[in-house]
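Predicted, not measured: the structure shown is a model, and the values here were computed from it. Here is the naming used below: chain letters follow the sequence lines, and residue numbers restart at 1 for every chain.
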Amino acid sequence: MTFQKVVQVLTVVNNFRLNSRHFIIDLHAPSPLPNILPGQFAQVLVDDSPSTFLRRPFSIHSVDFGNNTFRLLIQIKGEGTRHLSKLKPGDSLDAIYPLGNAFSLPLTKDVLLVGGGCGVAPLLFLSQFLNQNYVRPTILVGFRTKEEVSEIEAYEKYGNVLITTDDGTEGEKGLVVDHSIFQKERLPFKKIYCCGPDAMMKAVAKIARMHRIDCEVSLENTMACGFGVCLCCITPTDKGNERVCVEGPVFNESRLRW
Amino acid sequence: MTFQKVVQVLTVVNNFRLNSRHFIIDLHAPSPLPNILPGQFAQVLVDDSPSTFLRRPFSIHSVDFGNNTFRLLIQIKGEGTRHLSKLKPGDSLDAIYPLGNAFSLPLTKDVLLVGGGCGVAPLLFLSQFLNQNYVRPTILVGFRTKEEVSEIEAYEKYGNVLITTDDGTEGEKGLVVDHSIFQKERLPFKKIYCCGPDAMMKAVAKIARMHRIDCEVSLENTMACGFGVCLCCITPTDKGNERVCVEGPVFNESRLRW
Amino acid sequence: MKNLSVNIAGLHFKNPVTTASGTFGYGDEFLDFIDLSRLGGIFVKAVTGKNRDGNAYPRMAETSSGMLNSVGLQNKGIDHFCREIYPRIRHFDTHMIVNVSGSTVEEYIEVAERINELEMIPAIELNISCPNVKLGGMAFGTVPAMAAEVTSEVRKVYKKVLMVKLSPNVTSIGDLAKAVVDGGADVITLINTLLGMAIDAERRRPVLSTITGGLSGPAIKPIALRMVWQTHKAVRVPIIGLGGIMNATDAIEFILAGASAIQVGTANFIDPSVSVKIVDGIEAYLDRHKINNVSDLVGALRTE
Amino acid sequence: MKNLSVNIAGLHFKNPVTTASGTFGYGDEFLDFIDLSRLGGIFVKAVTGKNRDGNAYPRMAETSSGMLNSVGLQNKGIDHFCREIYPRIRHFDTHMIVNVSGSTVEEYIEVAERINELEMIPAIELNISCPNVKLGGMAFGTVPAMAAEVTSEVRKVYKKVLMVKLSPNVTSIGDLAKAVVDGGADVITLINTLLGMAIDAERRRPVLSTITGGLSGPAIKPIALRMVWQTHKAVRVPIIGLGGIMNATDAIEFILAGASAIQVGTANFIDPSVSVKIVDGIEAYLDRHKINNVSDLVGALRTE
Ligand SMILES: Cc1cc2nc3c(=O)[nH]c(=O)nc-3n(C[C@H](O)[C@H](O)[C@H](O)COP(=O)(O)OP(=O)(O)OC[C@H]3O[C@@H](n4cnc5c(N)ncnc54)[C@H](O)[C@@H]3O)c2cc1C
Ligand SMILES: Cc1cc2nc3c(=O)[nH]c(=O)nc-3n(C[C@H](O)[C@H](O)[C@H](O)COP(=O)(O)OP(=O)(O)OC[C@H]3O[C@@H](n4cnc5c(N)ncnc54)[C@H](O)[C@@H]3O)c2cc1C
Ligand SMILES: Cc1cc2nc3c(=O)[nH]c(=O)nc-3n(C[C@H](O)[C@H](O)[C@H](O)COP(=O)(O)O)c2cc1C
Ligand SMILES: Cc1cc2nc3c(=O)[nH]c(=O)nc-3n(C[C@H](O)[C@H](O)[C@H](O)COP(=O)(O)O)c2cc1C
Ligand code: FES
Ligand code: FES
């Protein structure tokens, strides 16, 4: 295994819908996968239509090094993701990966993972990785509605799963930050990993700060290149403007000037 | 049947290769076909890739009014035609049709049709139409090589077929104008219809003029709109610059200032 | 029911969707495809003093998300327009606006004077920006003083709504806009095409007979939007915006940037019914955003 | 074996393919993807006098066949460049050329003087055309007299090959080109980005934090080609052409229009190995057309 970034034509081995807005795509590489860590992402070339001129970034959802495949979990947003949702087994997909930094290994076993929407994508790979390092996290995942709740069994293999839905049709009702787990005076966690919409991550980071819990978030700024040369994806940090695609996407929330 | 132009989403019912460069596509309309005459064409929307921003024009190769279908014969040239060659039955295709004028009805039974390359496309429909009007034409078709000779049986239903191939692997060797039929001192035709590359049509028109035979050619200028508003497709005629997509594509060669 | 109407320099348009000169003929070529009365207006092909043959073939090159043209104002001249075309189009139930072109100030004046007499033409659009004629045209459109001059000369003879269409091939669109407003323009239309070029690498030749030509289509939309926005900041007259509009979202963007109405150009070639779809799409946008009058969106970009 | 080398103002380039400033970092981000020594040269990201944070996020908007950026010259300044970056990149086996930017003539001079001392940097490219800085930048690039002044001031202190990169946001690119040649430019690079704008219709806001930004990508290729052609007619210095080059055919088109070398910009984002593919593609073109020297193609467009 190398740490090199590659630009490669991958083969779609599987593409299935989780629900009306989300799908999972399994990709097979023509050669052994480079080393990939949880939190890293791939830049995918959609096609050559004018509205998808640039690549689209997606977190690595899980990896099967033995079979040279990895998985993406994608939410349909616009042209690009709609087109990807139609790929069939056997189709090819051009991707640059692995990109970006990764979640850091926790120095504690009291770990909470918080994900919302397609922000859950990197958390499955992270849970798996934590398990391999003898950590069994609590995993709090938020969905819009029951229909969108998915992959719970996969998460349950690696940790204790809590669910919220916006409409209360499954798990607790409300946003992830409304979950009763956060109502306690002292939270039983020393590390939080969080990924989801900006507003959600800010709310979780605020809770973490209040409770003095170390918290890492994974940002989803818009990107042109994805490998550090265009300087389009920056976020202000304690070191000035840093690139989300190289210095991130994972940042300790304490370093961000949101 | 109306004479109206329509912009319609058609369904591909068939798409098959004639040889490595040519294919035939059958299209089914959602409603009874408008009236279509031989020589008219359709403007087809390829997809929304940047290199096929504009529609592509193709002659109507044949029509089946009973089944609301018509057929295109297409030669692979660039992006657009390559993409069309991959359409599968059930796919949809957006087309504006019927466009342009048509070949005129001959005032004689001594008719010669000359086609080269994908220029044969409108001639099948024309032969069929001539037959319905009790004319059995001579049909001279030129191909690059034996492998590309195709649909001869279809033409033979409507007329007497002569063949040339550039390399002499079938029929007479050479270009269509090299065919022995043109070597006679007096040609047994009073009307020629011709469609193919510019150079070929000019050569045929020259022969026709020499023998004082009335000759209609079908031009293939590049088009933006296809229905007369952009003025991009013009050709100089005795009436000034005329639009190939409206006043043409069929012109009497005597009117052209090539 | 949403109110899609806009008032432009005293002229009432039933909606802000019009079609661009040179891309819509005289309207009648579209009768098979759409109901013209659903449009706010139609800008007909450029009319000049005398008959013009235009440039030689080839006049068109496809480019990434756009096209180049070098038609060069082919038309049969003002006499023919008044005699043959006007009677044919005067009864269309939408504003028929004539795009006026020329090679000299005198030619602009001549054409404008004649059109002033045509009862059913409520406005002209001075095309001082066509890149495809050798004399005049482009030059008028890129030098503020000349643009002001041709505008004020035409203003003297033309009594109805005077629109001036600007060229984007300039350093400062705001300066041009100010010049023609000073010259007496009631309305500014922008943008015309950007000067571009296409080369056939295999044949090592230019694709167009004229070597360069005018670029249109979605490729130029970001430039057009920027110029509409800059013009909206520079002058107070109403703006008609265009350049690469393909759908209702594009149209809304131009309106937000400051356009009181929009023109659909190259998109007509790809879908001859697109203009009417844009009318419907704007209505749907107003519904979704609970806005009653489209005019409330004009220049309503939030930049704070 | 075809001869792909070109001589530009005395500098020998192993081939005409270089990479555009701001799209290739300092080259090292591409080490995983390509062998840098296969390139004719690398134009590194703009260097200014002092550290600059650049503009606020969002800095990017995708457009039809292109993108807008408003990075705004983010870099750590000339000191940092000399100390940290130069030692890291000086051994790359290709021409490392520095893109020099500033807000004042003094700042350009300061940076150029410092780079003059760096042995392994054979040339600078004066960026008088970046649309994304408030002071200077754009202004220098659009007024011939100012463009000439900054060029001649830098010429006094910079002894190696002086390239000047022009802005396309002007009425007459030929006038600009002549001005900088008069000012002492050895080479002209063009084009930089076109000023554009993107609007999010749903949120009724500009997409970019700076409202407007620079348009790049295949959308602008026709405009870039036209400007290279016009510049080739206007001045006799070598031209480095760019703007929307995605493949070898595009590169050949620029060379035919008059460019002695080309730069690959936005295309690097879509395929980080594209520059090397373009080198191979040019070689294949020479083979197919039985041409021995790529330099025979420079300006070889047939227009008769
Ligand atoms: C590091 C990183 C990892 C990501 N991982 C995943 C993932 O695992 N699964 C997943 O589904 N998505 C992920 N995303 C987001 C994903 O890249 C976008 O949803 C996708 O690019 C949208 O493409 P589109 O063509 O469908 O939408 P577009 O047509 O491009 O856009 C549709 C709408 O979404 C908005 N939008 C698009 N991209 C972004 C963005 N990055 N930030 C904010 N708004 C945006 C647009 O402004 C527009 O309103 C990730 C993004 C980043 C930067
Ligand atoms: C009225 C009319 C009827 C036609 N009927 C048929 C038909 O029945 N069957 C058929 O196969 N083709 C027909 N054509 C030609 C067909 O439209 C083009 O081959 C097609 O548009 C090429 O599209 P593309 O995207 O594959 O090629 P592109 O990528 O657009 O072009 C590939 C190459 O072909 C050249 N080219 C493309 N179009 C033309 C043209 N119209 N004239 C000259 N050179 C051109 C380009 O310059 C380029 O070098 C017709 C054209 C017209 C105007
Ligand atoms: C084929 C063609 C012909 C045109 N003719 C004219 C014209 O006669 N007068 C004019 O003012 N503009 C003319 N234009 C410019 C358009 O009206 C419009 O300004 C330009 O195409 C940009 O808009 P678009 O991108 O929506 O097409 C023409 C454009 C095209 C493509
Ligand atoms: C993200 C980005 C950053 C850029 N930064 C610079 C820069 O620092 N200096 C400069 O002269 N040009 C800069 N440019 C302009 C490019 O060098 C180039 O001139 C322009 O993008 C057109 O070429 P292209 O279409 O091939 O990208 C930048 C372009 C992009 C897209
Ligand atoms: S996306 Fe280009 S630097 Fe991050
Ligand atoms: S293609 Fe537009 S007029 Fe003929």
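For D/E253 and C/R204, the salt-bridge test fails: no basic side-chain N is under 4.0 Å from an acidic carboxylate O.
Taken from CD1 in D/I255 to CD1 in C/I199, the straight-line distance is 10.5 Å, to the nearest 0.5 Å. To the nearest 0.5 Å, atom CD1 of residue C/I220 and atom CG of residue D/L194 are 11.0 Å apart. For the atom pair OG1 (C/T249) and CG (D/D200), the distance works out to 10.0 Å, reported to the nearest 0.5 Å. Interatomic distance, D/D250 CG to C/S64 OG, rounded to the nearest 0.5 Å: 7.5 Å.
For chain D, the nearby part of C/Q230 is the side chain; its heavy atoms alone come within less than 4.5 Å. Of the two parts of C/L225, the backbone and the side chain both hold a non-hydrogen atom closer than 4.5 Å to a non-hydrogen atom of chain D. Heavy atoms of C/L301 lying under 4.5 Å from chain D belong to its backbone as well as its side chain. Contacts of D/T63 with chain C are made by side-chain atoms alone, with heavy-atom separations under 4.5 Å and no backbone atom involved. Within the 4.5 angstrom heavy-atom criterion, no atom of C/A61 approaches chain D.
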- Item | CA sep, side-chain torsions, deciding dist, call: D/S65, C/S65, side-chain hydrogen bond (donor to acceptor under 3.5 Å, both in side chains) | CA-CA 6 Å; D/S65 298; C/S65 299; 2.5 Å; yes

- Item | side-chain contact (heavy atoms from CB on, under 4.5 Å) assessment of D/L195 paired with C/I223 | CA-CA 6 Å; D/L195 196 62; C/I223 301 168; over 6 Å; no

- Query: After noting the C-alpha distance and the side-chain angles of C/K221 and D/M197, does the key distance pass the side-chain contact (heavy atoms from CB on, under 4.5 Å) rule?
  - Reply: CA-CA 8 Å; C/K221 193 186 77 170; D/M197 178 171 175; over 6 Å; no

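Residues of residues 277-297 of chain D that come closer than 4.5 Å to chain C, counting heavy atoms only, are D/Y285, D/R288, D/H289, D/I291, D/L297, ordered by residue number.
The two residues D/E304 and C/R205 have their closest heavy-atom pair at OE2-NH1, 3.5 Å. For the residue pair D/T142 and C/T171, the shortest heavy atom distance occurs at CB-CG2, 3.5 Å.
When the candidates C/P222, C/A219, C/P206 are compared by the number of heavy-atom contacts under 4.5 Å with chain D, C/P222 comes out ahead.
Proximity of D/L68 to C/R226: side-chain heavy atoms (C-beta onward) are nowhere separated by under 4.5 Å.
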